[in-house]
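Notes for the one structure printed next.
In what follows, chains are A, B, ... by sequence order, proteins preceding strands, each numbered from 1.
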Amino acid sequence: MAKESWLTQFPEMDRQDLTAIKKGLDGAYREFSRSYGEVIESFFDPLLYFLVWFEKLLLETPWWIVIIAVVGIVHLTARSVKLSIGVVLALCLIGYFGMWDNTMRTLSIITVCTLVSIGLGIPIGIMMARSNRVQAIISPILDIMQTMPAFVYLIPVVMLLGIGKIPGVIAVVIYAIPPVIRLTNLGIRLVDKEVLEAATAYGANKSQRLWGVQLPLAMPTIMAGINQTIMMALAMVVVASMIGVKGLGQPVLKSITNQYFTLGLFNGLAIVALAIIFDRVSQAYAKRTQRHLEGTH
Amino acid sequence: MKCLVGAVIVLFGMITSGQASEPCGKISIADMNWSSATLIANVDLFILEHGYGCDAELVPGDTMPTTISMMEKGEPDIAPELWSNSAREAIDKAVAEKRLRIAGSSLSDGGEEGFWVPEYMVKKDPSLATISGVIANAKLFEHPEDPSISGFFGCPAGWNCQTSTAHLFDALKLADAGFEMVDPGSSAGLAGSIAKAYERGESWFGYYWSPTAVLGKYKMVKVDFESGVDFDHFTTCTTQEECENPKATMYPPAPVHTITTEAFASKSPAAFEYLSRRSFKNAQMNTLLAWMEENQAEGDVAMEEFLNNYESTWMPWVSSEVAMKVKKALAEL
């Protein structure tokens, strides 16, 4: 073999130095989790209690009450008989095929994840829209959140918070929050300058312009972002189950390791059904609010 | 021109036939996706390459896909660490049909499974080393999500051990003691939960297996079920999906084999002989795995560490002539 030189072989860092860096960072993280883990864990306790309570509520309520409640919400937001019938059918099929409990668990965690994502995402999107500097800082962070393979941050989160719902929620939110932030930012930035000028001319102050002009006009885009967030949260359910989140993800995992094709398909379809319910409801709701806006034009 | 092409073809033919006539030839070794198997695969790669003149390469593998591929396609040639319980019938059949050959035990103690608690808990209260002690102190083992009940960390979703863990959970009446089975979802989740508990000195009770880096790094005590090993019951009931009255039994050691294709075994008897002798003790493997994790070492680095520092272990596996060749190649690294 020819002698290796820096021309033929990339001049790599010394193996020992590399090991030292890896060991140092790992050690620092371990130290961090040892000293702050409990504090951080207790910070999330209220969320955990809410998650546990909400899951128990969904599981312990008789199935027909849950269906009535879900359809009630669907009908109030979407006002579509066809959609409501579809939801009843989908939920009944899920229950008939024995996936009711897991679907309720997934429903509870996805609802919480979506609410957290929207609650955090829209304000961040508004901040981004108002300042180019904030946008320059947050954009690359969003890129990381969307592309970093989930397991890279899942295991550190598990070391910090243990396995179960909280790390699951964190993982799902990290993955699902970027669309709502990006599209809130985009929607507000796309509002016509003339419209804003007109609002200023009528004497609207900053917050009046935001609530009365920018947000309503950006609503279709923001709703599209919320939609994407919900879809991504549901897609993440399987990955979250790898750190002990109960729900539809676990049977899917089981079917992957054992090649149980049908089991995987059924539970996958139940996830799809949930996604479609969430999607249609939020879209119908958005369309309804927009129609109302068009009427006042 | 034609003449030249002809010459090239003849030359090429000579080169390839020259390679084929080497004592061992081209072989592939399955590099399974867990640390101990990677280490063994790398050790085999180095020794077969430098000691036996094989043209060896590593190919990625996993228990079931590798077993099936070896049986059906005759590739890869060697599975260095196969937990054969999971595919026992298929392997037995393939051995009978002369498609596979069992070279020996990669882990002489066999794989060790059981329910474990951290050593520091047992030091504080020695009764926790037995299942009755654990049940009496069930309150200690807090469930990660619900403080009112106790948590038992089970086997990851979809793994074979899920069946046996569930049956033993019933047999030991852990549910009556207030335990709930927590599904960690993946082996990474299970290992993460041990690491978290250990770093903070918290309680932990659950299923794990050895040899693993986790048990090399975090000292755990295997809980005694006070039942002994009932091998027949374990194989006919505990590990089967349908098991009406599971009884308590400790896990018998799981056989861990080195398996080769029949073609390789008959082609290279010397190399096969090495594989049949190559075997690790669990304690030593745990130490090596902990070293790997400590130093973030990949299989090839760990192989160097092992061959350099554990000569008394590997020298007896090979003839002194081969050992010299391997040592010489090692010095050149």
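Within a 6.0 Å sphere centred on CD of B/Gln240, other residues, nucleotides and ligands contribute more than 12 heavy atoms. Under a cut-off of 6.0 angstrom, the local environment of NZ in B/Lys328 is sparse, with at most 12 non-hydrogen atoms contributed by other residues, nucleotides or ligands. By the 6.0 Å contact criterion, NZ on B/Lys217 is enclosed, its count of non-hydrogen atoms from other residues, nucleotides or ligands being greater than 12. The number of heavy atoms from other shown groups lying within 6.0 Å of CH2 (B/Trp34) is above 12. Within 6.0 Å of atom CD in B/Glu57, more than 12 heavy atoms from other residues, nucleotides or ligands are found, so the atom counts as buried in its surroundings.
Between A/Leu48 and B/Glu145, the shortest heavy-atom contact is CD1-CG, 4.1 Å. Between A/Ile155 and B/Ala188, the shortest heavy-atom distance links the atoms CD1-CB, 3.5 Å. Residues B/Arg200 and A/Glu38 approach most closely at CD-OE2, 3.7 Å, considering heavy atoms.
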Would you sort out whether B/Asp146 and A/Lys165 count as a salt bridge (charged side-chain N to carboxylate O under 4.0 Å, His left out), showing the intermediate values? CA-CA 11 Å; B/Asp146 190 347; A/Lys165 293 193 175 63; over 6 Å; no
Go through the steps to decide whether B/Lys196 and A/Glu41 satisfy the test side-chain contact (heavy atoms from CB on, under 4.5 Å), and finish with yes or no. CA-CA 12 Å; B/Lys196 181 207 166 214; A/Glu41 216 175 327; 3.4 Å; yes
Take B/Glu199 and A/Leu160 through the test side-chain contact (heavy atoms from CB on, under 4.5 Å) and record every step on the way to the result. CA-CA 10 Å; B/Glu199 295 300 341; A/Leu160 198 62; over 6 Å; no
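For B/Asp62, no part sits under 4.5 Å from any heavy atom of chain A, backbone or side chain. In this structure, no portion of A/Tyr260 lies under 4.5 Å from any heavy atom of chain B. Neither the backbone nor the side chain of A/Leu51 has a heavy atom closer than 4.5 Å to any heavy atom of chain B.
One finds the CD1 atom of A/Ile21 at 11.5 Å from the CD atom of B/Gln296 (value rounded to the nearest 0.5 Å). Here B/Ile194 contributes atom CD1 and A/Ile163 contributes atom CD1; the two are 10.0 Å apart, rounded to the nearest 0.5 Å. Note that the CE atom of A/Met242 and the CG atom of B/Leu190 stand 13.0 Å from one another [nearest 0.5 Å].
Between chain A and the options B/Ser186, B/Ser193, B/Gly192, heavy-atom pairs under 4.5 Å are most frequent for B/Ser186.
Considering only heavy atoms from C-beta on, A/Lys246 stays 4.5 Å or farther from B/Asp183 through its side chain. Between B/Glu294 and A/Asp26 there is no side-chain heavy-atom pair separated by less than 4.5 Å.
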